[in-house]
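Residue numbering restarts at 1 for every chain, and letters A, B, ... go by the order of the sequence lines.
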Amino acid sequence: MSDKLILIKKRPDFLHVTRNGRKVVKSGFVLQAASSRRSFLTPVYRIGYTASKRIGNAVCRNRAKRRLRAVCRVLLPREAVIGYDYVIIARHAVLEMPYQKLFKELKFALTEIKQETDDVPLFAKNTNE
RNA sequence: CCGGAAGAUCGGGCGGUCGCGAUGCGCUGCAAAAUGCGUAUUGAGGAAAGUCCGGGCUUCACGGAAACACGAUACCGGAUAACGUCCGGCUGGGGAAACCCAAGGGAAAGCGCAACAGAAAAAACUCCGCCGAUGUCUUUAAAGGCAGGCAAGGUUGAAAUGGUGCGGUAAGAGCGCACCGCUUUUCCGGCAACGGAAAAGGCACGGCAAGCCCUAUCGGAAGCAAGACCAAGAAAGGCAUACGCACGUUCGUAUCGCGGGAUGUUUCCGACCCCGCCAGAGGUAGGUCGCUAAAGUCGUUCGGCAACAAACGACGCAGAUGAAUGAUCGCCGAUUACAGAACCCGGCUUAUAGAUUUUCCGGCACC
RNA sequence: CGGAGCGUGGCGCAGUCUGGUAGCGCACUUGUAUGGGGUGCAAGGGGUCGAGAGUUCGAAUCUCUCCGCUCCGA
C-alpha cells in the first residue's frame, strides 16, 4: 500500500460511523471512529472530513478541511487502527489554532481510540460487518 | 497647505523544505489501458458572490408566413455578437463650483382612481363673500330689501381652470394693455431629441400610465443535474394491418399506403422529418465525453470628442467531481478587508481593511 | 450548481391582484358567574407588515436592490 489516504465518499458510510462509533471531543475538532462496514481486499483505514455551514462561508470551510488534512497526513499512518473508518468534524477554533496545539490534540485523540480498541481482538472487528 | 469632485491601478512580496490537483516526458509493462515512481511546467477573484439582464452551446421532429395572447424595453444619436450595458448629447432638478441625480414616450383613443377635509375633485359650480350702477319695492331723504351682476378675496386639501403690474368698473373679470408662461403656425440651426427668432390666439388642454391601456421595438421553451456514449441489471405481454410459412393455432419479419403528430394558441404553405397503438418491467448513481483556445490577454501604430473599431507583433493562461493551494522557517511590510472557479463569455448589482496615482473645483499663503 | 416559492401580534392565517380603516381564530390580561377550577359571558392590551431605496399627496399593497427560510431537479 502507498501512504496515500483513502477517503470516505458515501453518505451512508458517514452515518454508520456517527451512529456506531466512539467519539472524542477536542477544542478544534470532533473525532469519530468505528470499524468499517465494508470489507476490502487489503485491510486499510479510511478518513472522512466534515466542515458544516456552522464553521462559516466557503473560504472558512475549505481552510478548516485543509488544516485537518495536513495534520492527518502526518499522524494517521502512525496512529490509526487498520480496518477502521475515521470521521473528523471541524469546529470553529480550528481556524485560528496554532499548528502545534492541533497536532497534540489529534495525537491524543487517536491514542485514546487506539487504547479502547485494544481491548477487542482485531479479527472480531473485521467480521462484524 | 486645507476642504471637495470625478476616475484609474493594486489588493501582500521574495527565497528554502515536506505535501496536494492537472498536463507533458521517461521508467515499470509482450502491447494497450490502468497503477506506481521520477522529473519539468502550471494551479482561484476583483468581485470567483447574488443569479438581475444579454449571448454562445445542447436538447425539444425542420423551415417560412399571418393574426391573437403573454412578457420585456421606452428623451435623441452612436457603440456592440447582444443587452435593461457603455459612450456622447438634450430636457428637468440639486450644488458656490468641479460635478452629481432622473423608468424621462402618449392623459384632445377609451376605461378607471382621488380616503378625510372642503361649497365644489373634473362636470362645471357658488358656502362665506363683494356689488346692488340698472329695474323695482319701502322710505321725506340717506339707507335697506328683492330681481340681478361678479368670481377679486376667504375656507379645505397633495392638487381648485394662468402669474405680476397698470388701466377699467357699481363690484369685478384677459374685459383691455405691458412683461413672463402656454398653445398654434412659419422661418433659421441641428442627423435627431431639442434650441433660437417672428407672428397669431385671450388661454381652450388639471393630476395618476412603477392602474388597465395605446403606440413603437424586441422575444419559441428549457437548461451542462442540458445532452451523447459505454458498462451493469431487469421484464410480460395483448391488439391492428401486410407479408412469409401455414387448413387453423403457433412462430418470424415489417409498419409502405391510409392515418396521426409540434415547442404559447389558431390558421396556412413547403419539405417529407418523426411515429404502429395499448399496457407493463427494471434502474436511484458506476465510467468516458461535453470540459475549456476564447466576441481571449498584453503592446505598438492609425481612425474617432468618446464607447469602440482596424492592422501588425507577442503570449499560450485552473479544469476538480466527498471536489486540488496546506504546514513550517528567514527577511521586508503589516494587529491584512470582502471573500474560493464547477459549461463558457459581455454587463449590472451587492460586500470590501488599506495602498498608489491622474485630472479638475473652491479657499488661504508666497512669487 | 441550476430552478421555483414564502416572510403580517406569542402561534397559525386573511388583507397585496384593484394604494387611503391592518383584521380573524387560538393564546394572554382584567371583570363577571362558582366554595374553588374548567366551560360560558363582557371588556382590554399587544404588530419596525423581513431590511433599505424609489414612484405617489399617501405604500403591508406598485417598482428595484439586499437578508433569511422552505421546496424541486439526472
Side-chain angles (χ1 to χ4, degrees):
Chain A
M1 274 315 293
S2 68
D3 53 346
K4 215 173 192 182
L5 299 176
I6 296 175
L7 293 176
I8 301 172
K9 298 188 177 183
K10 298 280 180 190
R11 181 164 171 78
D13 291 352
F14 275 91
L15 293 175
H16 175 258
V17 173
T18 306
R19 290 196 186 116
N20 306 326
R22 307 174 192 282
K23 191 165 80 171
V24 180
V25 181
K26 293 287 167 191
S27 62
F29 55 88
V30 176
L31 183 69
Q32 296 173 325
S35 60
S36 182
R37 67 193 197 113
R38 294 173 189 244
S39 57
F40 296 91
L41 293 174
T42 52
V44 293
Y45 58 90
R46 301 192 298 168
I47 178 73
Y49 308 95
T50 297
S52 73
K53 225 174 193 175
R54 242 183 303 169
I55 298 292
N57 56 23
V59 174
C60 294
R61 294 200 298 272
N62 280 341
R63 188 175 175 79
K65 277 192 280 185
R66 281 165 190 158
R67 298 201 64 169
L68 291 174
R69 230 186 323 252
V71 181
C72 288
R73 197 169 288 132
V74 177
L75 280 173
L76 246 60
R78 287 196 251 158
E79 305 286 343
V81 180
I82 301 294
Y84 256 54
D85 282 354
Y86 290 88
V87 171
I88 185 160
I89 301 166
R91 303 182 73 191
H92 195 75
V94 80
L95 298 173
E96 280 99 31
M97 186 182 280
Y99 177 76
Q100 291 302 325
K101 192 181 176 194
L102 189 64
F103 186 87
K104 280 177 192 164
E105 279 192 357
L106 183 62
K107 192 173 182 181
F108 190 77
L110 281 168
T111 47
E112 202 170 303
I113 283 169
K114 201 175 185 181
Q115 281 167 6
E116 288 179 27
T117 55
D118 281 346
D119 303 339
V120 188
L122 187 70
F123 62 88
K125 282 170 273 169
N126 281 336
T127 51
N128 66 353
E129 72 75 42

A:Asn62 side chain to A:Lys65 backbone, donor-acceptor under 3.5 Å: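 Such a contact is absent between A:Asn62 side chain and A:Lys65 backbone.
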side-chain N/O A:Asn57 vs B:G340 OP1/OP2, d < 4.0 Å: yes
Find the distance [X]:[atom1] to [N]:[atom2] and express it as a whole number of Å.
| X | N | atom1 | atom2 | answer |
| --- | --- | --- | --- | --- |
| A:Tyr99 | B:U17 | OH | C1' | 13 Å |
| A:Arg63 | B:A339 | CZ | P | 15 Å |
| A:Leu95 | B:G326 | CG | P | 12 Å |
| A:Glu96 | B:U335 | CD | C1' | 13 Å |
| A:Arg61 | B:A339 | CZ | P | 12 Å |

Partner residues of A:Glu105 under the side-chain hydrogen bond (donor to acceptor under 3.5 Å, both in side chains) criterion, sequence neighbours left out: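 Per chain and number, A:Glu105 pairs via side-chain hydrogen bond (donor to acceptor under 3.5 Å, both in side chains) with A:Ser27.
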Distance (rounded to the nearest 0.5 Å) between A:Lys104 NZ and A:Met97 CE: 12.0 Å
Pairs under 3.5 Å (N/O, protein and nucleotides 321-324 of chain B):
{"residue": "B:G322", "atom": "O2'", "partner": "A:Ile8", "partner atom": "O", "Å": "3.1"}
{"residue": "B:G322", "atom": "N7", "partner": "A:Lys9", "partner atom": "O", "Å": "2.4"}
{"residue": "B:G322", "atom": "O6", "partner": "A:Lys9", "partner atom": "O", "Å": "3.3"}
{"residue": "B:G322", "atom": "O6", "partner": "A:Arg11", "partner atom": "N", "Å": "3.0"}
{"residue": "B:A324", "atom": "OP1", "partner": "A:Arg69", "partner atom": "NH2", "Å": "3.4"}

Linked, directly or transitively: A:Ile113 and A:Phe108 (ILVMFWY side chains, under 4.5 Å):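 No: no chain of side-chain contacts under 4.5 Å links A:Ile113 to A:Phe108.
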For [N], which nucleotide in any strand shown is its Watson-Crick or wobble partner with both distances under 3.5 Å?
| N | result |
| --- | --- |
| B:A170 | none |
| B:G319 | none |
| B:U155 | none |
| B:G264 | B:C68 |
| B:C272 | none |
| B:A147 | B:U134 |
| B:U183 | B:A200 |
| B:G252 | B:C243 |

Nearest-angstrom distance, [atom1] atom, [N] to [M]:
| N | M | atom1 | result |
| --- | --- | --- | --- |
| B:A102 | B:U85 | P | 11 Å |
| C:G50 | C:C69 | C1' | 11 Å |
| B:A271 | B:U288 | P | 48 Å |
| B:A342 | B:A44 | C1' | 12 Å |
| B:C191 | B:C208 | P | 34 Å |
| B:A114 | B:A159 | C1' | 10 Å |
| B:A173 | B:A151 | P | 8 Å |
| B:C194 | B:G105 | P | 12 Å |

Test of understanding: with side-chain contact (heavy atoms from CB on, under 4.5 Å), list the residues that count as partners of [X], not counting sequence neighbours.
| X | result |
| --- | --- |
| A:Lys23 | A:Val25, A:Val30, A:Gln32 |
| A:Tyr99 | A:Arg67, A:Val71, A:Val74, A:Phe103 |
| A:Ala90 | A:Ala51, A:Ile55, A:Ala64, A:Leu68, A:Val94 |

In B:G154, glycosidic geometry as syn within 90° of 0 or anti otherwise: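 That one's anti.
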Anti or syn - B:A44, cut at 90° from 0: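 For B:A44, whose glycosidic angle is within 90° of 0, the conformation is syn.
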Side-chain touch A:Val24/A:Leu110, heavy atoms, less than 4.5 angstrom: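 No - every pair of side-chain heavy atoms lies 4.5 Å or more apart.
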Heavy-atom side-chain contact between A:Tyr49 and A:Cys72 under 4.5 Å: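 SC-SC contact between A:Tyr49 and A:Cys72 confirmed.
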Audit row: A:Leu95, A:Arg63, side-chain contact (heavy atoms from CB on, under 4.5 Å) steps and yes/no: CA-CA 7 Å; A:Leu95 298 173; A:Arg63 188 175 175 79; 4.2 Å; yes
Watson-Crick and G-U pairing of RNA chain C written in dot-bracket, each distance under 3.5 angstrom, with | for inter-strand partners: ((((((((.[[[[.)....(..]]]].(((((.......))))).....[[[[[..)....]]]]]))))))).
Residue pair A:Tyr45, A:Val81: steps toward the side-chain contact (heavy atoms from CB on, under 4.5 Å) verdict: CA-CA 7 Å; A:Tyr45 58 90; A:Val81 180; over 6 Å; no
